[in-house]
Student: 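Handing you this structure, nothing more for now.
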Amino acid sequence: MPRHLSGLLLLLWPLLLLPPTPAAPGPLARPGLRRLGARGPGGSPGRLPAPAAPTGAPYSRASQRGGARGAGICKSRPLDLVFIIDSSRSVRPLEFTKVKTFVSQIIDTLDIGAADTQVAVVNYASTVKIEFHLQTYSDKQSLKRAVARITPLSTGTMSGLAIQTAMDEAFTVEAGARGPTSNIPKVAIIVTDGRPQDQVNDVAARARASGIELYAVGVDRADMESLKMIASEPLDEHVFYVETYGVIEKLSSRFQETFCAPDPCALGTHQCQHVCVSDGEGKHHCECSQGYSLNADMKTCSAIDKCALNTHRCEHICVNDRTGSYHCECYEGYTLNEDKKTCSAQDQCAFGTHGCQHICVNDRDGSHHCECYEGYTLNADNKTCSVRSKCALGSHGCQHLCVDDGAAAYHCDCYAGYTLNEDKKTCSAIEEARRLISTEDACGCEAALAFQDRVNSYLQRLNAKLDDILGKLQADEYGQIHH
């Protein structure tokens, strides 16, 4: 049947009132083969079987991404995935575009990233070209643009060489594949419409033995035996067939289900008290909200000591709250600022409750201390003051010098060249005595005696002058009175 008629038949078969007469299975109806196309063996219309119901709690498929997988219900497993696509001469340009659309649709269903699924593409005909490696792109849009740029090679069908190249160059750590300790599955999907022109059995066996899971997709004239030699076991899960490239895109939903693991977080079966985190491949772990820690049962949570984490930024005091949060407080003498974290010192002295007898002094730490006026000392109670120096009080009456004789006594003294008067407070100058001081050695005995005699003579003359002055003053006063 011409290729373009098969699509027409796909549209018309529901109108047929009578089913076709059962016929013996053709070469396409064989064990271990999934098929999808415009019509099945013996003329029965081909269709995509309904997927099996999930084994866990049911979920709505209406919200599934791409119409097949529930958003959040099913999370794709992390994979190192390599597409091996046949672009030989038998694949026409429009058909090759369909293959690229098929690849892009599968990419759409995957969680792409360095920690999720990585994708590479190997293009082959009689030669093999690695279009891009696993580590080349880490987001869907970049991958899909790269796929759209792929062009056919147009000659031959060297499927074995393509598998060997993928094994030797695409699935290497240098190319971005994750090592065996990562437990990330290595998966290859080979798409071809013809019979391999080289040996595929041995190379496919080596690929499977190295840990690569092989899926084989045959289109139109693809050799079914070769597909089964390529694919991993069980064959009914790894071999697919479509009669035309026009319907190959429908296979993307099958791979979507194959690479999907139910997400217990979305299903609500996780039993996590706070947060459920999907780890892929149907696995999950529980986490706790901020301020809580996971208990030993790995499901429930307990409030943690946020203050002990030293991330609170409280300037003074961090106080844990029962809710798993915290608040800041300040030391005595401080108030909490508007940012609820830093503190400002209060003016303790301004409050008038300091109890200082003389002077209150604010300290930087929000406290205060008492001090006393000059001449006083702070008592043991650190509040009241006692006199320390009579001289320092300024009420001593000394004209020149006040000399403390203890905490409560003092005497007056005069500057050099002055003598203390009889009132014991005022001083008189001894200028003549100052002139009598010579530069001779006063430490000698003769000089000392001579100095003493001169001073005594001066004092006698001075006293005589004072007596004479006083006598005249008294006479004048007496005369004025009797005048």
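The basis for the numbers below is simple: all heavy atoms, side chains too, and nothing from hydrogens, waters or symmetry mates. We count residues from 1, following the sequence as given.
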Student: Ignoring hydrogens and angles, tell me if any N or O in the side chain of Asp381 forms a donor-acceptor pair with the backbone of Lys383 under 3.5 Å.
Tutor: yes
Student: Donor-acceptor pair, Asp198 side chain versus Leu161 backbone, under 3.5 Å?
Tutor: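 Indeed, once roles are kept as given, a pair shorter than 3.5 Å links the two residues.
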Student: Quick one: does any side-chain atom of Arg77 pair with a main-chain N or O of Pro185 as donor and acceptor, under 3.5 Å?
Tutor: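 No; zero donor-acceptor contacts below 3.5 Å.
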Student: Look only at the side chain of Arg208 and the backbone of Ile230, and say whether a donor-acceptor pair between them is shorter than 3.5 Å.
Tutor: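 Yes, the answer is positive, given that a donor and an acceptor are paired below the 3.5 Å cut-off.
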Student: Determine whether Val187 and Phe259 make a side-chain contact, defined as any pair of heavy atoms from C-beta on separated by less than 4.5 Å.
Tutor: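 They are in side-chain contact.
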Student: How about Cys265 and Cys272, are their SG atoms within less than 2.5 Å of each other?
Tutor: no
Student: Parallel, tilted or perpendicular, judged at 30° and 60°: which one describes the rings of Tyr334 and Tyr331?
Tutor: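 Perpendicular.
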Student: Any side-chain to backbone donor/acceptor pair from Lys129 onto Asn123? Under 3.5 Å, distance only.
Tutor: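 No; judged by distance alone, with no hydrogens or angles, the pair does not exist.
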Student: Test Thr165 against Asp168 for side chain to side chain donor-acceptor pair (under 3.5 Å), laying out the working first.
Tutor: CA-CA 5 Å; Thr165 302; Asp168 293 342; over 6 Å; no
Student: Could you tell me whether the SG atom of Cys360 lies less than 2.5 angstrom from the SG atom of Cys349?
Tutor: yes
Student: With the side chain counted from C-beta on, respond yes when Val99 and Tyr245 share a heavy-atom pair under 4.5 Å apart, and no when they do not.
Tutor: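 Yes, close enough: below the 4.5 Å cut-off.
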Student: Under the disulfide (SG to SG under 2.5 Å) rule, what do Cys314 and Cys307 come out as? Steps first, then yes or no, please.
Tutor: CA-CA 9 Å; Cys314 295; Cys307 295; over 6 Å; no
Student: Please evaluate residues Thr155 and Ser126 with respect to the criterion side chain to side chain donor-acceptor pair (under 3.5 Å), reporting the C-alpha separation (whole Å), side-chain torsions for both, the decisive distance (0.1 Å), and the verdict.
Tutor: CA-CA 5 Å; Thr155 59; Ser126 59; 2.8 Å; yes
Student: Start with the C-alpha distance between Met167 and Val203, add both sets of side-chain angles, then the distance that settles side-chain contact (heavy atoms from CB on, under 4.5 Å), and finish with yes or no.
Tutor: CA-CA 9 Å; Met167 186 167 49; Val203 67; 4.3 Å; yes
Student: Does the Gln135 side chain pair with the main chain of Glu174, one donor and one acceptor, at a distance under 3.5 Å?
Tutor: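 Between the backbone of Glu174 and the side chain of Gln135 there is a qualifying donor-acceptor contact (under 3.5 Å).
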Student: Tell me yes or no: between the side chains of Asp111 and Thr117, is some donor less than 3.5 Å from an acceptor?
Tutor: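 No pair is found: no donor N or O on one side chain lies under 3.5 Å from an acceptor on the other.
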Student: Would a distance-only check, ignoring hydrogens and angles, find a side-chain to backbone donor-acceptor pair under 3.5 Å from Thr101 to Thr97?
Tutor: yes
Student: Would Tyr215 and Phe255 count as a close aromatic pair, with their ring centres under 6.0 Å?
Tutor: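 Yes, they do, as the ring centres are separated by less than 6.0 Å.
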Student: Salt bridge or not between Lys140 and Asp108? Use side-chain N to carboxylate O under 4.0 Å.
Tutor: no
Student: Are Val147 and Phe132 close enough that some pair of their side-chain heavy atoms sits under 4.5 Å apart?
Tutor: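 Val147 vs Phe132: side chains touch.
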Student: Checking Asn295 side chain against Asp297 main chain: does a donor-acceptor pair fall under 3.5 Å?
Tutor: no
Student: What's the verdict on side chain to side chain donor-acceptor pair (under 3.5 Å) for Tyr124 and Ser159, showing C-alpha distance, side-chain angles and the deciding distance?
Tutor: CA-CA 7 Å; Tyr124 81 97; Ser159 302; 2.9 Å; yes
Student: Mind running side chain to side chain donor-acceptor pair (under 3.5 Å) on Asp363 and His369 for me, showing each step along the way?
Tutor: CA-CA 7 Å; Asp363 297 326; His369 70 275; 2.9 Å; yes
Student: Any side-chain to backbone donor/acceptor pair from Glu131 onto Val121? Under 3.5 Å, distance only.
Tutor: no
Student: On a heavy-atom basis, which atom in Ala125 and which in Ser88 lie closest, and how many Å separate them?
Tutor: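 Answer, listing the atom of Ala125 first, then Ser88: CB-CA, 4.0 Å.
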Student: Taking His312's backbone N and O only, do any of them form a donor-acceptor pair with Tyr326's side chain (distance below 3.5 Å, no angle check)?
Tutor: yes
Student: Please determine which of Val191, Leu227, Leu251 meets the side chain to side chain contact (heavy atoms under 4.5 Å, CB included) test together with Phe240.
Tutor: Leu251
Student: To the nearest 0.5 Å, what is the distance between SG on Cys288 and CD on Gln273?
Tutor: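 So the gap between those two atoms works out to 7.0 Å.
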Student: Between Lys186 and Glu213, is there a salt bridge with N-O shorter than 4.0 Å?
Tutor: no
Student: Is any side-chain heavy atom of Gln164 closer than 4.5 Å to one of Arg206?
Tutor: yes
Student: Do Cys343 and Cys330 have their SG atoms under 2.5 angstrom apart?
Tutor: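 With an SG-SG separation under 2.5 Å, Cys343 and Cys330 do form a disulfide.
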